[in-house]
Amino acid sequence: MTEQGSSHRATTLTGAQALIRALEELGVDTVFGIPGGAILPVYDPLFDSKKLHHILVRHEQGAGHAATGYAQATGKVGVCMATSGPGATNLVTPIADAYMDSVPLVAITGQVASMSIGTDAFQEADICGITMPITKHNFLVTRAEDIPRAVAEAFHIAATGRPGPVLVDIAKDAMQASAPFHWPVELNLPGYRPVSKPHGKQIREAARLITQAKRPVLYVGGGVLKARATEELLAFPDSHRLHLGMPGMHGSVAAVTALQKSDLIIALGARFDDRVTGKLSSFAPDAKIVHADIDPAEISKNRTADVPIVGDCREVLTELATAVRGEQAAGRTADYTVWWAALEDWRTRYPLGYETVPGELAPQYVIERLGKIAGPDAIYTTGVGQHQMWAAQFISYEKPYTFLNSGGAGTMGYGVPAAMGAKAGRPEATVWAIDGDGCFQMTNQELATCALNNIPIKIAVINNGALGMVRQWQTLFYNQRYSNTDLQSRRIPDFVKLAEAYGCVGLRCESPDQVDAVIEKAMAINDAPVVIDFVVHEDAMVWPMVPAGLSNDEILAARDQRPDFDDESE
Ligand SMILES: Cc1ncc(C[n+]2csc(CCOP(=O)(O)OP(=O)(O)O)c2C)c(N)n1
């Protein structure tokens, strides 16, 4: 390939070469994928690329979550690739997952030749139709000359505004045909103009409410991370005095109650998800709402905003801080002392905790020790279930972009491939996947990918032998009738042998006194992936809990333990 200046005569490339060239121009360094018939023309020039590193995964779902983990750890757009039909449909779960968590992802799929589209051709699936509701946008490209622009637009859409997944589906004949290659391309996106600068009047109104409020709470969502606004927020590390912890179904009593009793919620890049609000009609009944989000569709979707602010969280926070300082300079200051005393009181009376059973290994203890030993510079990913909630509760996250999990979709199987992607993007970081035995069995084949590609992630399988979170609901709401939640995974498979079969180091830990030593041993291994099978107590439960569908006022600090707020003055 020759160098191409935009004003010079264009080089002629095949569509497949143009795709690779466009990805190189966009600065892509890592692509996760699996080839097949319809995408094969692309894999040929990919073989020669000096800039693109393709990681051959074992399942397309792994490619998708790896690209998501890569994107979340690096802030760049994650890229995955698959062939038509089943290759593309295997990407559906990670695409939906990235959509729910607003992660910038570009999925490139091969499609059958344009002449065959709509004929039920071999390995044909209408992946644009299938992913229409779970992508920010998607493209079906049937001409070679359209490939560079489609790819450039896909990256632009994925990364700007509210980030999200974009699919580029390319017909095989478009990859094989030739066309002049022009770069850079002019984007042609009428109607796509995300608003990043907030409206001054709304900012002033928000500042006025903040200085009038008696019980204000910042409700900080993923949008603050996406806007890279953590400095502007003075991103509260978990150890900060004003950080109350995670709100919602398994949030801390202090965080849930603070929102419930607040008179002003300042929601930043957050979307009033049902896992946070509980029964919506009884959520924070006395609170006025300032809602800042880059996606206007989020504002007043679930809870009506008194002050809607459409904008990028970084700009919103900068301007809001200036406006609040202005209010204060004019003598309008708020006194939150009484409120802080109440928060402090809830926090000290209802701290996070857990029970231990003599002779048994508590899963919370394992996760707590892991967080302490691996420390705040490590990146942690999780699956979905009890272990995910404990990882949110018992690890102290001091830095942004270090806790990656499937928050919106709740996708079991996210942990291992996301860790693989995070480690591929941040090779210098220690990356731990904290996984459940159920989740681990959904995507652990990517251990082979990690072992072969020198991606030495570490996996802590919190092995309670069951689909723990579902079992917890059966304990609490289905009379302890454990229908189909016993995986027997303390017997089958043997996770240590499984790890070894995949070229990883396998370790097992069954008692509290071995925990530190086994974690330290894993920390010392950096030339291979490590799997630790932590055989833990099967009856441990996640507390606090707001039972699904109930008001957050019904929070249980622990089993049968309703917090008592009556004795406080508000
Ligand atoms: C793909 C998928 N299937 C089913 C579920 C429903 N589900 C949520 S948590 C859970 C159990 C997870 O078990 P495990 O991985 O062992 O984690 P634990 O809760 O025991 O920590 C299930 C089945 C889901 N979230 N995702």
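Along the sequence shown, residues are numbered consecutively beginning with 1. One-based numbering, in listed order, for ligands and for the atoms of each.
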**Student:** Measure the distance from atom 17 (O) of ligand 1 to every protein heavy atom, then report the residue, atom name and distance (to 0.1 Å) of the closest one.
**Tutor:** H387 ND1, 3.2 Å
**Student:** List the closest protein heavy-atom neighbour of atom 25 (N) of ligand 1: residue, atom name, distance to the nearest 0.1 Å.
**Tutor:** G410 O, 2.8 Å
**Student:** Above 12 or not: heavy atoms from other molecules or residues under 6.0 Å from OH of Y478?
**Tutor:** no
**Student:** Is the count of non-hydrogen atoms from other residues, nucleotides or ligands lying under 6.0 Å from K497 atom NZ greater than 12?
**Tutor:** no
**Student:** For ligand 1, is there an atom lying under 4.0 Å from some heavy atom of D437?
**Tutor:** yes
**Student:** Provide the number and element of each atom of ligand 1 under 4.0 Å from a heavy atom of G438.
**Tutor:** 14 (P), 15 (O), 16 (O)
**Student:** Show the atoms of ligand 1 that are less than 4.0 angstrom away from any heavy atom in G385.
**Tutor:** 9 (S), 19 (O)
**Student:** Between M412, Q388, M389, which one has a non-hydrogen atom sitting closest to atom 1 (C) of ligand 1?
**Tutor:** M412
**Student:** Give a yes/no verdict on a cation-pi contact between R508 and F495, requiring under 6.0 Å between NZ or CZ and the six-membered ring centre and an angle within 45° of the axis.
**Tutor:** no
**Student:** Among Q386, Q61, E538, which residue places a heavy atom closest to atom 19 (O) of ligand 1?
**Tutor:** Q386
**Student:** Taking only heavy atoms of G468 into account, list the atoms of ligand 1 that are under 4.0 Å away from them.
**Tutor:** 13 (O), 18 (P), 19 (O), 20 (O)
**Student:** Identify, for atom 15 (O) of ligand 1, the protein heavy atom at the shortest distance, and state residue, atom and that distance.
**Tutor:** C439 N, 2.7 Å
**Student:** Starting from atom 13 (O) of ligand 1, which protein heavy atom do you reach first, and at what distance in Å?
**Tutor:** L467 CA, 3.5 Å
**Student:** Using non-hydrogen atoms of the residue, decide whether G383 is closer than 4.0 angstrom to ligand 1.
**Tutor:** no
**Student:** If you count the atoms of ligand 1 from 1 in the order shown, which ones are under 4.0 Å from a heavy atom of N464?
**Tutor:** 20 (O)
**Student:** Distance under 4.0 Å to a non-hydrogen atom of G436: what atoms of ligand 1 satisfy this?
**Tutor:** 14 (P), 15 (O), 16 (O), 17 (O)
**Student:** Please report which non-hydrogen protein atom sits nearest to atom 9 (S) of ligand 1, along with the residue it belongs to and the distance in Å to one decimal place.
**Tutor:** V384 O, 3.6 Å
